[in-house]
Structures are given as C-alpha cells and as structure tokens.
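Take a look at the structure below.
Side chains included, hydrogens not; waters and symmetry mates left out as well; all remaining heavy atoms used. Index from 1, following the sequence. Atoms within a ligand are numbered from 1 in the order they appear, just like the ligands themselves.
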Amino acid sequence: MKTALITGITGQDGSYLAELLLEKGYKVYGLRRRTSEPIMTNIQHIANDIELVYGDLLDLGSLIEVVRKVQPDEVYNLAAQSFVATSWEQPVLTGQITAIGVTNMLEAVRLVKSDARFYQASSSEMFGKVVETPQRETTPFYPRSPYGVAKVYGHWITVNYRESYDMYACSGILFNHESPRRGLEFVTRKVTNAVARIKLGLQNELRMGNLDAKRDWGFAGDYVQAMWLMLQQEQPDDYVISTGETHAVRELLEVAFGYVGLNYEDYVVVDPKFVRPAEVDLLLGDCSKAKEKLGWELKVSFEQLIQMMVEEDLKRIRQEVATMQLS
Ligand code: G4F
C-alpha cells in the first residue's frame, strides 16, 4: 500500500485528491495546523478514512517529525495562502507560507525521506501580465501580485531541489480550477452562491470587481487526476494543466444567472472595493504536454462546471432554509 501526505487537505483540491488516493488504495495522511476552529467541511465525509497529523509549513521541525512518522511515498504540497486579493493585505505572511513554506516541506523530505515523490502546486498566476498566449511550460513568468511572486519562488525552489538533489519533484502549473467546494471568496463560488440566494429571494444585489478579466476555468476534480499522474511517471517534470478555453468574468455571470433564468445586469453592481491593485487580464493555458505525456483528459466543461456549482448552492441553501424553519 502506498502512503501519501497532503498539505492543505481541508481545501478544495486537498479533499478531491484525498478521495482519489483513497479510491486507489493509498493510506492518506493530511497535514493540519492546530486552530481553535478547524474547518473540516470538505473532508467530513472521509474523516474516518484519513489520518490528520499536526504540523505547520512555517515550522520545519514539525514537518521533519511528520515526514518521519508518515514515511510517505508521495507528498502533495497544496497548502498556501491562496486568495490573491488577500496577498496585498498580508504580503509577508503570503511569502512565508506560499514561498518559504515550500522550502520547508522540501527540506523535510530531503532530510528524512529523499526518495519520496514531491508535487508542488504551482499556479497560472505566475504568468500574470502574460508575455505570450496561450501560456505553456516555457512561457516566462511575470507575476502581478504578492501571491504570484511567492508562487514563482515555490516553483523554482522545486525545480532547484530536483536539479540539486536529484529528487523526484514536480510542479503542476494549474490554471483556475473550481467546484462546489471552492471557498466563497473566489469569483466562481461568490457568483454561484449569490445566484442561488437571489433565486431563492435571500439577496437582491451582487457587488463585484473587474468583469473583463479572463480566466481558463476547469473542474478541480479533473485537475487532481493530473497531480497524481505527474507523480507516476519515469522522470519528474513540470506540466501546465488547463482547459484551453478562456472566459471573461462577465460570461461567468451570464452563464450562472442564465441557468436560473435571470439576467445578471439586473443584479450586479461594480464596486471598486473588489478591483485589485494590479490585475491579471487574461489567462489561457496550453496543456498539450500533459495530454500527450500524462494521458490527462478533461471531463467537465465550463458550462457544466458552473451549472454544477449553481445546482449545489441551490440545494445547500434550500436545506439551510428548511432547517432554520424547523428550528
Ligand atoms: O476567483 P479569483 O479570486 O481567482 P484568481 O485571482 O484568478 O486566483 C485563483 O486562481 C489561481 C490560478 O490562476 C490560483 F493560483 C489562486 O490561488 C486562485 O485559486 O478571481 C478571478 C478573477 C480575477 O481577475 C478577479 O479580479 O475574477 C476577478 N473578479 C472580479 N470580481 C473577482 C471579483 N474576484 C473575486 N474573488 N471577487 C470579485 O468580486
């Protein structure tokens, strides 16, 4: 039986990846920070099948102990301060977790179990003010946020450990990937949650930032398959994972509101509060290397993804309303 350690297991990607690895027969450990209010929503349904171990990406000693205890065959480093807008408010913390945290995790693996295979969650945010379209593995980085800058560091330190120590270390340059488990602060979930609330008469306005930004949005469940595939190859390498389609935030609004028979223009208000100091205007990935070398395939389209998210938000909010009415 293979053993995997996932950092960021309570997040969207961590939960889908844990499900996938359990299906494949892995023993799954999740790194967890000690907090007074643990957020377990995404992994509640598999809580009995996985084991949580305490540690912190900022504390190398704790990571060394975790790796010593778990003896992982594969380490998936998904933990980060991942909300781009927050990275301007907390640039130092973002750098500590999203950049230096990667070195801490790599060091723990190098010192204790250097034959473990390592996956780093790199990001299309690294392309930032893009220098070519579509973006591929060879496209130079031009990050536009403290988060993007931190991810560039995490990416290169992973490459550096691979080249310096001959470790099996890969970076997945994942474009935006979403699901019903996405945090409410990210634009897709903010929109689908608002659409459901508006449809059910609980809200009558949605305040948004830049509607012209374009993103390449895929389904997180498809993307964790790519993470796993990257660690099953003969040689470690870096891969872009994307859909090859780009859509403006405005189109996201059209699809989500349209799905419940509403016109977004009747509800959406642009609020400068949500406009970022520097924007990534256009992301569009070329994932032909992943398709060819990993045999990775996309299953869920943009429209299917948004519809799935609206459906799930409608279901959840209806249940919440019914529970409140009963109590
Ligand atoms: O959903 P977002 O907050 O995602 P963003 O900034 O693209 O980052 C996400 O994808 C990255 C991969 O490229 C990850 F690395 C990162 O961790 C994260 O998962 O915003 C998407 C776009 C932006 O252009 C933003 O300005 O939507 C625009 N937007 C417009 N109004 C808004 C809003 N974003 C948010 N969150 N809230 C708004 O009201």
*N/O of Trp217 under 3.5 Å from N/O of ligand 1, yes or no?*
no
*Pick whichever of Gly183, Gly11, Ala121, Ser123 has a heavy atom sitting closest to atom 11 (C) of ligand 1.*
Ser123
*Is the closest N or O pair between Val280 and ligand 1 shorter than 3.5 Å?*
no
*Which of parallel (below 30°), tilted (30 to 60°) and perpendicular (above 60°) describes His177 and Tyr223?*
parallel
*Give the intermediate values and the outcome of side-chain contact (heavy atoms from CB on, under 4.5 Å) for residues Lys315 and Asp313.*
CA-CA 5 Å; Lys315 195 162 90 186; Asp313 277 323; over 6 Å; no
*Nearest heavy atom to atom 7 (O) of ligand 1 wins, so pick from Lys273, Arg215, Met208.*
Arg215
*Between Arg276 and ligand 1, find which residue part has any heavy-atom pair under 4.0 Å and reply side chain, backbone, both or neither.*
side chain
*Which protein heavy atom lies closest to atom 36 (N) of ligand 1, and at what distance to 0.1 Å?*
Glu185 O, 2.9 Å
*Mind checking whether Phe186 and Phe83 have parallel, tilted or perpendicular rings, split at 30° and 60°?*
perpendicular
*Considering only heavy atoms, which of Leu282, Asn176, Asp212 lies nearest to atom 5 (P) of ligand 1?*
Asn176
*Distance from Leu229 atom CG to Glu297 atom CD, nearest 0.5 Å?*
10.0 Å
*Is Gly209 close to ligand 1, meaning an N/O of one under 3.5 Å from an N/O of the other?*
yes
*ligand 1 atoms in contact with Ala213 (distance to a heavy atom under 4.0 Å)*: 24 (O)
*Is there a donor in the side chain of Tyr259 and an acceptor in the side chain of Glu311, or the other way round, less than 3.5 Å apart?*
yes
*For atom 38 (C) of ligand 1, find the nearest protein heavy atom and state the residue, atom name and distance (0.1 Å precision).*
Lys190 NZ, 3.7 Å
*Once the angle between the rings of Tyr76 and Tyr119 is folded into 0 to 90°, is it parallel (under 30°), tilted (30 to 60°) or perpendicular (over 60°)?*
tilted
*Say whether Arg182 and ligand 1 are in contact under the criterion: heavy-atom distance to a ligand atom below 4.0 Å.*
yes
*Greater than 12 external heavy atoms within 6.0 Å of Lys2's NZ*: yes
*What distance separates Lys299 NZ from Leu305 CG, expressed to the nearest 0.5 Å?*
14.5 Å
